[in-house]
Amino acid sequence: MTAAFVAVWRSPTGRIGLVLVVVVLLFSLFGPLVIPYEPNRLDVLHRFGAPTATHWMGTDNLGRDLAVRMAVGGQIALGVALSTIGLSLVGGTLLGIGAAYAPTRIERAILILFDVLSAFPPLIFALAIVALLGPGLDKVILILAVSMVPHFGRIARAQTLSLRNAPFLDATRVLGASASRLVMIHVVPNIMGPLVVLASMDIPVVITLEAGLSFLGIGVPPPRASWGGLLHDGYTGLTQSPWPVTFAGLMLILATLGFTLFGEALRDAIDPKLRASP
């Protein structure tokens, strides 16, 4: 993976993506420590304020500092994205490997499960579940993770099938390695490359979905800051101040563009078929 990251840095688009990702990460992680305001502190006398030396991005509809709320919203977006991708990666990998080694009936049941989950668009699926169970950040993470399990499951199954009868696995099996050791020590490390690439390219998708759900009011509950919620609040007061919509949209653009460019460069670096010839 070290060589892959070196190749990403050598790629112009990969370098831009990595820089954008680092900027978003640093702002989200250290912004609340540097900006001297509480994210939920109200100051209605200075609502919809323009950017100044004291309020770098202005204030929102309740006079709260936009910069610190953007940083906290970044923590929420990245936390949701990493949690969702982590859960779906683990669940999809386990189901994919299980389908590759399972009897035909179980394999077909797992593939049918993938097809059923893929039949529902993530946003529609989330709307239906939230309508039944109510909004909440934990529900958003679980819903998005479940909807993305088939992405990782199908790739894990395909990669495992291509490796299942490899000579080095046969030799390890003859030497007496157990099935669990065979999978954990030899199969999983050899199929992780494409899964890591897919995970990096799914991060901007999750960030966008979380922002969309929060914009609709069924994602991150107020008064917690989220980029989607800030967009919604800014949209309702757009005639009074354009700054909430401007900065929330800018953060979404930087995050999604950065992870997309980074993911594409990582894919090109790992996949020899896409690697540029010298």
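Values below: every heavy atom of this structure, side chains too, minus hydrogens, waters and symmetry copies.
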**Request:** In sequence, state the C-alpha distance, the side-chain angles, and the governing distance for L250 and M70, and then conclude on side chain to side chain contact (heavy atoms under 4.5 Å, CB included).
**Result:** CA-CA 10 Å; L250 179 63; M70 292 294 172; over 6 Å; no

**Request:** Mind running side chain to side chain contact (heavy atoms under 4.5 Å, CB included) on L42 and R64 for me, showing each step along the way?
**Result:** CA-CA 5 Å; L42 304 181; R64 296 170 294 191; 3.8 Å; yes

**Prompt:** Can W56 and V68 be said to form a side chain to side chain contact (heavy atoms under 4.5 Å, CB included), step by step?
**Reply:** CA-CA 9 Å; W56 305 341; V68 70; over 6 Å; no

**Request:** Please step through side chain to side chain contact (heavy atoms under 4.5 Å, CB included) for the pair D65 and R69, ending with a clear verdict.
**Result:** CA-CA 6 Å; D65 183 76; R69 287 182 65 79; 6.0 Å; no

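Side-chain atoms of W243 do not come within 3.5 Å of backbone N or O of F48 as any donor-acceptor pair. When atom types are taken as modelled, the side chain of S88 and the backbone of I85 share a donor-acceptor pair closer than 3.5 angstrom. Not a single donor-acceptor pair under 3.5 Å links the side chain of R157 to the backbone N or O of A100. The main-chain N or O of I97 is never found under 3.5 Å from a side-chain atom of T160 such that the two would form a donor-acceptor pair. A donor-acceptor contact shorter than 3.5 Å is absent between the side chain of T84 and the backbone of A81. No donor-acceptor distance shorter than 3.5 angstrom exists from the side chain of S11 to the backbone of A265, with no hydrogens or angles considered. With hydrogens and angles ignored, the 3.5 Å screen pairs no side-chain donor or acceptor of S214 with any backbone N or O of A211.
More than 12 heavy atoms of other residues, nucleotides or ligands lie within 6.0 Å of CD in Q240, so this atom counts as buried by the packing criterion.
Under the 4.5 Å side-chain heavy-atom criterion for Ile, Leu, Val, Met, Phe, Trp and Tyr, V187 and M184 are members of the same hydrophobic cluster. Both I143 and V220 belong to a single network of hydrophobic side chains, linked directly or stepwise wherever heavy atoms of I, L, V, M, F, W or Y lie under 4.5 Å apart. Placement of V140 and L117 within a single hydrophobic cluster is found when ILVMFWY residues are connected by side-chain heavy-atom separations under 4.5 Å, directly or transitively. Linking Ile, Leu, Val, Met, Phe, Trp and Tyr residues whenever their side-chain heavy atoms come within less than 4.5 Å leaves L144 and L94 in two separate clusters. Note on W227: it does not cluster hydrophobically with Y37, by side-chain heavy-atom contacts below 4.5 Å among ILVMFWY residues.
Summarising the geometry of F259 relative to P204, their closest heavy-atom pair is CB-CD, 3.6 Å, with the distance given to 0.1 Å. Shortest non-hydrogen contact noted between I141 and S83 is CG2-CB, 3.9 Å. Residues A156 and G92 come closest through the heavy atom pair CB-O, 4.1 Å. Shown here for G49 and T59, the closest heavy-atom pair between the two residues is N-OG1, 2.6 Å. For L20 against G258, the heavy-atom pair with the smallest separation is CB-CA, 3.7 Å. Nearest heavy-atom pair across F27 and M251 is CD2-CE, 3.6 Å.
Looking at D268 and T13, their side chains never come closer than 4.5 Å, going by heavy atoms from C-beta outward. Looking only at side-chain heavy atoms (C-beta outward), E107 and L111 come within less than 4.5 Å of each other. Looking only at side-chain heavy atoms (C-beta outward), V205 and M148 come within less than 4.5 Å of each other. A heavy-atom distance below 4.5 Å is not found between the side chains of F262 and V22.
Note that the CD1 atom of I124 and the CD1 atom of I129 stand 12.0 Å from one another [nearest 0.5 Å]. To the nearest 0.5 Å, the span separating CG on L230 from CG on D60 amounts to 7.0 Å. Put simply, CD1 on I203 and OG1 on T256 are 12.0 Å apart, with the number rounded to the nearest 0.5 Å. Rounding to the nearest 0.5 angstrom, the gap separating the CG atom in L66 from the OG atom in S241 is 7.5 Å. In this structure, CD1 in I155 is found 4.5 Å from CG in L198, a value given to the nearest 0.5 Å. Note: I110 CD1 to R105 CZ = 14.5 Å, rounded to the nearest 0.5 Å.
Between the side chains of N40 and R224, not a single donor N or O lies within less than 3.5 Å of an accepting N or O.
Salt-bridge annotation for R108 and D115: absent, with no side-chain N of the basic residue lying under 4.0 Å from a carboxylate O of the acidic one.
Listed by chain and residue number, nothing satisfies the salt bridge (Lys or Arg N to Asp or Glu O under 4.0 Å) test with R47 (two or more places apart in sequence, or in another chain).
For residues 131-145, the set of pairs meeting the side-chain hydrogen bond (donor to acceptor under 3.5 Å, both in side chains) definition, not counting sequence neighbours, is empty.
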